[in-house]
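Down below is the structure, laid out as C-alpha cells.
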2 protein chains.
Amino acid sequence: MAATQDEPTNSRRAELLRIAAGLFAEKGFKNTTVRDIADASGIQSGSLYHHFDSKESMVDEILSSFQEELFGSYDEILTSTDDARAKLERAVRVSFEAIDRHRHEVAIFQNEADYLGGFDRFAYLAERNAQSRAVWITLLDDGVRSGVLRSDLDIELTYRFIRDTVWVAVRWYRPGGSLTHSHVADQYLTILLDGIAHA
Amino acid sequence: MAATQDEPTNSRRAELLRIAAGLFAEKGFKNTTVRDIADASGIQSGSLYHHFDSKESMVDEILSSFQEELFGSYDEILTSTDDARAKLERAVRVSFEAIDRHRHEVAIFQNEADYLGGFDRFAYLAERNAQSRAVWITLLDDGVRSGVLRSDLDIELTYRFIRDTVWVAVRWYRPGGSLTHSHVADQYLTILLDGIAHA
DNA sequence: GTCTATAGCCTGATAGAC
DNA sequence: GTCTATCAGGCTATAGAC
C-alpha cells in the first residue's frame with residue numbers, strides 16, 4: 001500500500017496524481033503511458049520520476065487512498081443505530097456519492113482490480129473486496145432477519161446484483177450532468193426495493 | 001466488420017480464435033501479446049500471421065460474429081407475439097444464456113468496446129450499442145403502456161440498470177459451476193420485477 | 001524540479017527457408 | 001502451415017546537466 005504523505009510540498013504531487021487518475025480511468029492503466037501523463041501535465045516523462053518511483057506507485061497511491069476513505073464511510077454506517085432498511089439505503093447512497101466525487105478512482109478500481117490484483121503489491125485490493133462483501137452481506141442478512149427484506153432471497157446473488165449495479169454506473173454517470181447522484185440513488189433504490197412490476 | 005468464412009479449412013482458424021478470445025477476455029486486448037496467443041496455441045508468433053492479418057483482425061472477427069448471433073435472438077423476441085412481460089423476461093434470459101455460452105465474447109465486448117470503438121474499423125460496436133438500447137427501451141415502453149410495469153419509472157435509468165446488471169454478471173458467472181444461467185436469470189427477474197423489500 | 005538523452009526490453013508485424 | 005530471424009517503433013525507467 002502506498003505511503004500517505006503530509007501536506008506541505010504536496011500540491012504538485014496531488015495534481016499529477018489527479019491527472020494520472022483521469023488518464024488511467026479513461027484509457028486503462030496499461031494503455032496509459034508515462035509519456036501520456038507527462039504530456040497532460042506539461043512536463044517531460046523523465047521529470048515524473050522525480051515525484052514517483054514508477055507508474056505502479058502512482059496507481060497504488062490513487063487506489064489505496066480512495067479505498068481508505070470509502071471504507072471509513074461503510075464503517076460509520078455499520079456502527080450506526082439506524083434500522084436495517086436505513087442502513088442499506090445509506091450504503092447505496094454513499095456508493096453513488098463516491099462515484100460522484102471520485103469517479104476516476106472508482107473506474108480504475110472497477111477496470112483494473114483483476115489485473116493489478118495479480119501483483120503482491122496490490123494484494124490489499126482483494127482484501128478490500130472481501131471486506132466490501134462482508135459489509136453488504138451483513139446488511140442483507142440483517143434485513144432478512146428483521147423482516148424488512150423478503151426471506152426467499154438468494155443473499156449471495158442479491159449481494160452481487162447490488163454491488164455490480166451500483167458500481168457499474170461509473171461507466172455512464174457524469175458529475176455535473178443533468179442527473180444528480182442522489183436522483184440516480186433514488187431511482188435505483190426504488191427499483192431494488194420494490195421492483196419495476198406494477199404493484 | 002470481419003469477413004465470415006465458410007467451413008472447409010476453417011477449424012484451425014476457429015481454434016486459434018477460441019484461444020485468443022480466452023486470453024483477450026482474461027487479460028484484456030492490449031495486455032495480450034501475439035506471443036501469448038502463439039504460446040497458448042503451441043506455435044510461434046510469426047505463424048499466426050499466416051491465418052490473420054493482425055491482432056485487431058482477430059478481435060474483430062470474435063466480436064462481430066458474436067454480435068450477429070445475439071441480435072438475431074433479440075429480433076426473434078421483438079417480432080414474437082408474446083405479451084410485454086414475457087418479452088422482457090425472454091430478453092433477460094437470452095442475455096444470461098449468452099453469458100453462459102459465449103462468456104469470453106461478452107467479457108471482451110464489456111471491457112474493450114470503449115477502447116476499440118475509437119477506431120473506424122470498430123464503429124459497428126457503437127451501432128450495436130444503440131441497437132441494443134432500442135430493443136430494451138421498446139420493451140420497457142411497451143411494458144409501461146400495457147400496464148405491466150409501473151408508470152413512475154425513469155425508463156432511461158431503468159434501461160441502464162438492467163443492461164448493466166445483466167451483462168456485468170459475466171465478471172463472476174462461470175459455466176459449469178454450481179449456479180446455472182437459468183437460476184441466475186430467475187433470481188434476477190424476481191428482484192428486478194418485484195424488488196427485495198418484504199411485500 | 002525540469003530538461004535531454006538513452007539504455008534495455010517488449011511489441012506487432014514481415015521475409016524467406018523448409 | 002510453421003519455423004527462424006529480424007526490423008522498426010514504443011515502452012518504463014535511469015543518469016546527469018542545468
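Nothing here was measured: the structure is a model prediction, and the numbers come from that model. Lettering of chains follows the sequences in order, A, B, ..., and the numbering in each one begins at 1.
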Open item on the list: Between B/Arg93 and B/Glu97, does any side-chain N to carboxylate O distance fall below 4.0 Å?
Closed with: no
Task: Nucleotide-resolved protein contact map, nucleotides 12-18 of chain C, B/S/- at heavy-atom distance under 4.0 Å - done: BBB----
Task: Pair A/Arg18 + A/Glu15: basic N to acidic O under 4.0 Å - done: yes
TODO: Kindly compute the distance separating CG (A/Leu153) from OG1 (A/Thr158), expressed to the nearest 0.5 Å.
DONE: 4.5 Å
- [ ] Would you give the length of the straight line joining atom CD1 of A/Ile37 to atom OG of A/Ser47, rounded to the nearest 0.5 angstrom?
- [x] 13.0 Å
TODO: Among residues two or more places apart or on two chains, list those pairs meeting ring-ring contact (aromatic ring centres under 6.0 Å, His included) that have a residue in residues 174-199 of chain B.
DONE: A/Phe161-B/Tyr188, B/Phe96-B/Tyr188
Task: Presence of salt bridge, B/Lys87 and B/Asp142, under 4.0 angstrom - done: no
Task: Nearest heavy atoms of A/Ser45 and A/Tyr49, plus distance in Å - done: O-CD1, 3.5 Å
TODO: Would you kindly say whether A/Ser95 and A/Arg163 are connected by a side-chain donor-acceptor distance under 3.5 Å?
DONE: no
Open item on the list: Rounding to 10°, can you tell me the angle the first-five-pair axis of the helix from C/dG1-D/dC18 to C/dC18-D/dG1 makes with its last-five-pair axis?
Closed with: 0°
- [ ] Identify which nucleotide among D/dC3, C/dT2, C/dT4 has an atom closest to any side-chain atom of A/Ile43, counting heavy atoms from C-beta outward.
- [x] C/dT2
TODO: Measure from CG on B/Leu48 to C1' on D/dT4 and round the result to the nearest Å.
DONE: 15 Å
TODO: For D/dC3, take OP1 and OP2 only and decide whether either is under 4.0 Å from a side-chain N or O of B/His50.
DONE: no
Open item on the list: Between P on D/dC11 and CD1 on A/Ile37, what's the gap in Å once rounded to a whole number?
Closed with: 12 Å
- [ ] Give a yes/no answer on whether the side chain of A/Arg13 brings an N or O atom under 4.0 Å of OP1 or OP2 in C/dG1.
- [x] no
